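Taking it in order: structure first as structure tokens, then the write-up.
Please read all numbers here as calculations on a predicted model, not as lab measurements.
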Amino acid sequence: MMMDSKGAGTEAQQYVWGGAIPLQIHLHDSEVTTLPPPPPALILAPRLGYLPLLVPQIKPFFSSSLPPGVDTVWFEYKGLPLKWYIPTGTLFDLLCVEPERPWNLTIHFRGYPENVLIPCEGEDSVKWSFINALKEAAYIINGNCKNVMNMSQSDQTELWRSVLNGQLEAYLRVSSKLKLDIVGDDCSLKLNTSPQSISDVDATVTTRAGKIPVRLYIRTIDEDIDDLEDAAIVDSWEKIFYINRPVEVHGEGKHLTLHDAIKTLLPELFTDEPSVDLDPPGSESEVVQGSEGSSDEKTGEARTGLVSDGAEIKVVRIQGIEPQLEIPFVWVVKNLMNPEQYLHICVYIKVAQPFTIC
């Protein structure tokens, strides 16, 4: 795929924005009031989208089978209520050790689990969650969120509609007014670029010093598991570590790899010193365990990273890709960032014993 124009984004961005996950949605047995029960709904879910935005497409499949009452829609996967404000692609990368296609989810229209999920009132809740995340990202990048706060109503509407409809060119046109770019437009390697060429990209990439908003999701695998397919099912968000911590880029960002960035995010697990500065305590970072808070092609096999205490990074996934850890971090930021300007990274770590992230 060639780029139509500079305003159309990079080739990788186009793949990411066009990425979708096939879903097979089942109505929970407790809410079926007809015989025979309705068949599952088959739909495509945009990777960059959010599950509640799919409800208008899904409900017609099940409306005649629902019990009386007011809709309070939520989704689950193998008994785990899914957090609606996490992008659909990130949920898939985190919870499916081996990609499951179609991804079998269960939908509920009753019995919202308020003890696990924050309330969701449909598209409006998702929109304001997105805008708030964009404000947070702007504050991390620029030290303030004035440009987001001062968006005109028409620009805000156009930005949101571009995300809803997967329109990259429209998104870039509006988001460029927010002045949130750290990585320049020259970071646009093609997806089939050789590893040797990828490692040389830093020499030509224009960056400015600043902080990259990152949301890191960590799933641990027991050390006696050899095949990731045998990993235990995640049945509670308490089993997922969630880190909201920026990565600092200095100067031109030369030689900063994805591996380096992960070391700054997880210094507790690496035996050597990180190659870039960590943010001091009290900076824009948050570490929580189980807290609130098609691009499925691989560009290369991800190598494992050895970390302290016998732990080992088994898989790193971003936008369905398992990139080489030596890939320049600025390329990852430029091409794999989500529309709210956060980079969502899922990491599977094989551990010998429980660990603590401070």
Exercise. Should the pair Trp160 and Phe130 be assigned to parallel (<30°), tilted (30 to 60°) or perpendicular (>60°) ring geometry?
Worked result: tilted
Exercise. Looking at Tyr348, is Arg219 sitting on its ring face, NZ or CZ under 6.0 Å from the six-membered ring centre and within 45 degrees of the normal?
Worked result: no
Problem set entry | Leu325 and its side chain to side chain contact (heavy atoms under 4.5 Å, CB included) partner, picked from Asp260, Ile262, Thr257 | Ile262
Problem set entry | Shared hydrophobic cluster, Leu23 / Leu44 (ILVMFWY, side-chain heavy atoms < 4.5 Å) | no
Exercise. Is the CD atom of Glu98 crowded by more than 12 outside heavy atoms at less than 6.0 Å?
Worked result: yes
Exercise. Looking at CD1 of Ile140 and CZ of Arg245, how far apart are the two atoms once the value is rounded to the nearest 0.5 Å?
Worked result: 12.0 Å
Problem set entry | Same apolar cluster: Trp84 and Trp128, side chain cutoff 4.5 Å | yes
For this session: Side-chain contact test, heavy atoms from C-beta onward, threshold under 4.5 Å: evaluate it for Leu343 versus Asn338 and give yes or no.
Result: no
Problem set entry | Met337 side, atom CE; Ile212 side, atom CD1 - distance, nearest 0.5 Å | 5.5 Å
Problem set entry | Check ion pair Asp155-Lys177 (N to O, under 4.0 angstrom) | yes
Problem set entry | Distance, nearest 0.5 Å, that separates CG of Leu53 from CD1 of Ile58 | 10.5 Å
Exercise. Any side-chain donor paired with an acceptor under 3.5 Å for Glu136 and Tyr342?
Worked result: yes
Seminar exercise, completed: To the nearest 0.5 Å, atom OG of Ser175 lies from atom CD of Glu158 at 10.0 Å
For this session: Check whether the ring centres of Trp103 and Tyr77 lie less than 6.0 Å apart, and answer yes or no.
Result: yes
Exercise. With the threshold set at 4.0 Å, does a side-chain nitrogen-carboxylate oxygen contact exist between Glu322 and Arg317?
Worked result: yes
For this session: Flag the pair Arg110 and Asp71 as a salt bridge only when some basic side-chain nitrogen lies within less than 4.0 angstrom of an acidic carboxylate oxygen.
Result: yes
For this session: Take Leu258 and Glu326 through the side chain to side chain contact (heavy atoms under 4.5 Å, CB included) test and state the conclusion after the steps.
Result: CA-CA 6 Å; Leu258 175 59; Glu326 294 84 358; over 6 Å; no
Problem set entry | Lys127 atom NZ, neighbour heavy-atom count above 12 within 6.0 Å | yes
For this session: Identify whether Ile86 and Ile118 are in the same connected component of the hydrophobic contact network (ILVMFWY, side-chain heavy atoms under 4.5 Å).
Result: yes
Exercise. Would you call the rings of Tyr242 and Tyr217 parallel, tilted or perpendicular if under 30° counts as parallel and over 60° as perpendicular?
Worked result: tilted
For this session: Please round to the nearest 0.5 Å and tell me the distance separating atom CD of Gln14 and atom CG of Leu168.
Result: 6.5 Å
Exercise. Looking just at side-chain N and O atoms, do His108 and Glu76 make a donor-acceptor pair shorter than 3.5 Å?
Worked result: yes
Problem set entry | Test side chain to side chain contact (heavy atoms under 4.5 Å, CB included) applied to Arg47 and Val16, Leu91, Asp93, the passing residue | Asp93
Exercise. Any side-chain heavy atom of Asn335 within less than 4.5 Å of one from Gln319?
Worked result: no
Exercise. Does a side chain donor of either Trp74 or Glu114 reach within less than 3.5 Å of an acceptor in the other side chain?
Worked result: no
Exercise. Under 4.5 Å between side-chain heavy atoms, hopping through other hydrophobics if needed: is there a path connecting Ile233 to Leu82?
Worked result: no
